[in-house]
There are 2 protein chains.
Amino acid sequence: MDAQATPAPERRSRGRPRKTADERDDGNRRQALLRAAARLFRQQGFAATSTRDIAAAVGMRSGSPFYHFENKEALLAAVMEEGMQRALRHQRERMDAAVAAAPGPLSASECLRVLVRGHFDNLLGPESDHIPVMLYEWRWLAPQPKRVVSELMAEYEAVWVPVLQALRREGALRGDTALARLLIFGALNWTAQWYDPEGPTTLDGLTEAALQLFVKDME
Amino acid sequence: MDAQATPAPERRSRGRPRKTADERDDGNRRQALLRAAARLFRQQGFAATSTRDIAAAVGMRSGSPFYHFENKEALLAAVMEEGMQRALRHQRERMDAAVAAAPGPLSASECLRVLVRGHFDNLLGPESDHIPVMLYEWRWLAPQPKRVVSELMAEYEAVWVPVLQALRREGALRGDTALARLLIFGALNWTAQWYDPEGPTTLDGLTEAALQLFVKDME
DNA sequence: CCTACCGATCGGTAGG
DNA sequence: CCTACCGATCGGTAGG
């Protein structure tokens, strides 16, 4: 069964047109794989997505993703790490922009609004597959990248802590702030399950709904 | 490769001890499969759990689950349907008990407390694998059971609607109640990702934290 | 990055 | 419910 008549490896011209130099070898093939992996891991989950699916999505053959990534887990790790890096950058940019635009210092609830709105961008905006993958496919991450991504997540969440504590001092938030933070992130992260960008609610509207729910004494 | 010398099917005595009459044929084998499936689907996800894993968990051979269930999807559907039926029953019992125990009528925030506390039982209590499976493996459910389970979920959520509307009338909740409900369920459902029953927080404590976060003007 | 594989595993079935 | 399978698919690799 193994041995069979193999046709001579004749040099037939490829079906697909040859790629020009700047389409190839950019390392943008790697980027294309990452984007496709993020989308498919989100749609179907890590376990149900084959490396063949990912290869096909970018026009490669089944073995080729392994030229760019050591294995399937490494692809997942790269998706999550890139997602978290981008989310962190976006969080910083939004916060800096809000501080720069405000006439005076930002109130704690204004800070929270900026953080929540930015989180919705990271979670639900365009090119936002990476973060839902990180949240919902976490169990498949190998121990080593798990530590790396955990630290990035801690960094992301650390920005929220003083904001929540300030709200608590104002009386706009009650109870344990650590539990409040976990519950708030739950409410926000769960939107990835039901939010429809085509629906009537905008990300700004969603942000207001969240603030009305979490923060007391809002004018 | 297919044809090979098959040893005569001699009647050798089984390695496992024979089961007594009341251990067998109860339909409790079906129940055992459901429990094992719920646990494994929760731990590893639907796609990564093999029917062999489930069979082995209850001491069956690889083909035997298909004597009880038509296919793997039917097992998942049964886990979710049973989980939702039990959750609904538990919700009704808790609510009835609270009404019976109270001296007067229940306030809206007292109602919400009962609902939240019961939801944590359904999600995090003992024998609570079914509901997290339903929440997190939803995408694998076939269209027909999806309709069935959807209706059960709608029934479960419908109990919350008048409670949230009453809170809104009191001023204890602001903004759109439909959005508030989705955000609240998100906060509650996400606890399945991080809550540790061995940790310092009890389900009662978690309930209080949730009510402090969601409900304004709590004494 | 493709070709041509391999060994392992999986859902499911026929027949008893 | 077990035995003994099957066809399909999967992650990954050697060699170019």
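Chain letters run A, B, ... following the sequence lines, proteins first and then strands; every chain starts at 1.
Remark: B/Arg92 engages B/Glu155 in a salt bridge, criterion side-chain N to carboxylate O under 4.0 Å. The pair A/Asp121-A/Arg94 meets the salt-bridge criterion, with a side-chain N (NZ, NE, NH1 or NH2) lying under 4.0 Å from an Asp/Glu carboxylate O. Between B/Arg42 and B/Glu137 there is no salt bridge, since no side-chain N of the basic residue sits under 4.0 Å from a carboxylate O of the acidic one. Between B/Arg86 and B/Glu82 there is a salt bridge, since a side-chain N of the basic residue sits under 4.0 Å from a carboxylate O of the acidic one.
Closest approach to the B/Ser64 side chain among C/dC1, D/dC1, C/dT13 is made by D/dC1 (side chain taken as heavy atoms from C-beta onward).
Residues from residues 69-77 of chain A that place a heavy atom under 4.0 Å from any atom of DNA chain D, listed by number: A/Asn71, A/Lys72. Within residues 36-52 of chain A, the residues approached by DNA chain C to less than 4.0 Å at the level of any non-hydrogen atom are A/Arg52, in residue-number order.
For the strand DNA chain C, secondary-structure stems (runs of at least three Watson-Crick or G-U pairs, all distances below 3.5 Å) span C:1-16 with D:1-16.
Using a distance-only test at 3.5 Å, with no hydrogens or angles considered, a donor-acceptor pair links the side chain of A/Lys72 to the main chain of A/Phe46. Between the side chain of B/Asn71 and the backbone N or O of B/Ala74, at least one donor-acceptor pair lies under 3.5 Å.
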Legend entry - Trace of the ring pair (Phe, Tyr, Trp, His ring centres under 6.0 Å) decision for A/Tyr136 with B/Trp138: CA-CA 13 Å; A/Tyr136 290 97; B/Trp138 180 253; over 10 Å; no
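Between A/Phe66 and B/His68, the one whose closest nucleotide on DNA chain D sits nearer the 5' end is B/His68.
In this structure, the CD1 atom of B/Ile54 is 15 Å from the P atom of D/dC1, given to the nearest Å. The distance between atom CG of B/Leu33 and atom P of C/dG12, rounded to the nearest whole Å, is 14 Å. At whole-Å resolution of the value, CD in B/Gln31 and P in D/dC1 are 13 Å apart.
For B/Phe185 and B/Trp160, the ring centers are positioned less than 6.0 Å apart. Checked against the 6.0 Å centroid criterion, the rings of A/His119 and A/Tyr156 qualify as a close aromatic pair.
Checked against A/Arg117 for a side chain to side chain contact (heavy atoms under 4.5 Å, CB included), the options A/Leu203, A/Leu112, A/Leu206 give a single hit: A/Leu203.
Residue B/Arg61 places at least one side-chain N or O closer than 4.0 Å to OP1 or OP2 of D/dT3.
B/Ser50 and B/Asp53 share a donor-acceptor pair across their side chains, judged by distance under 3.5 Å alone.
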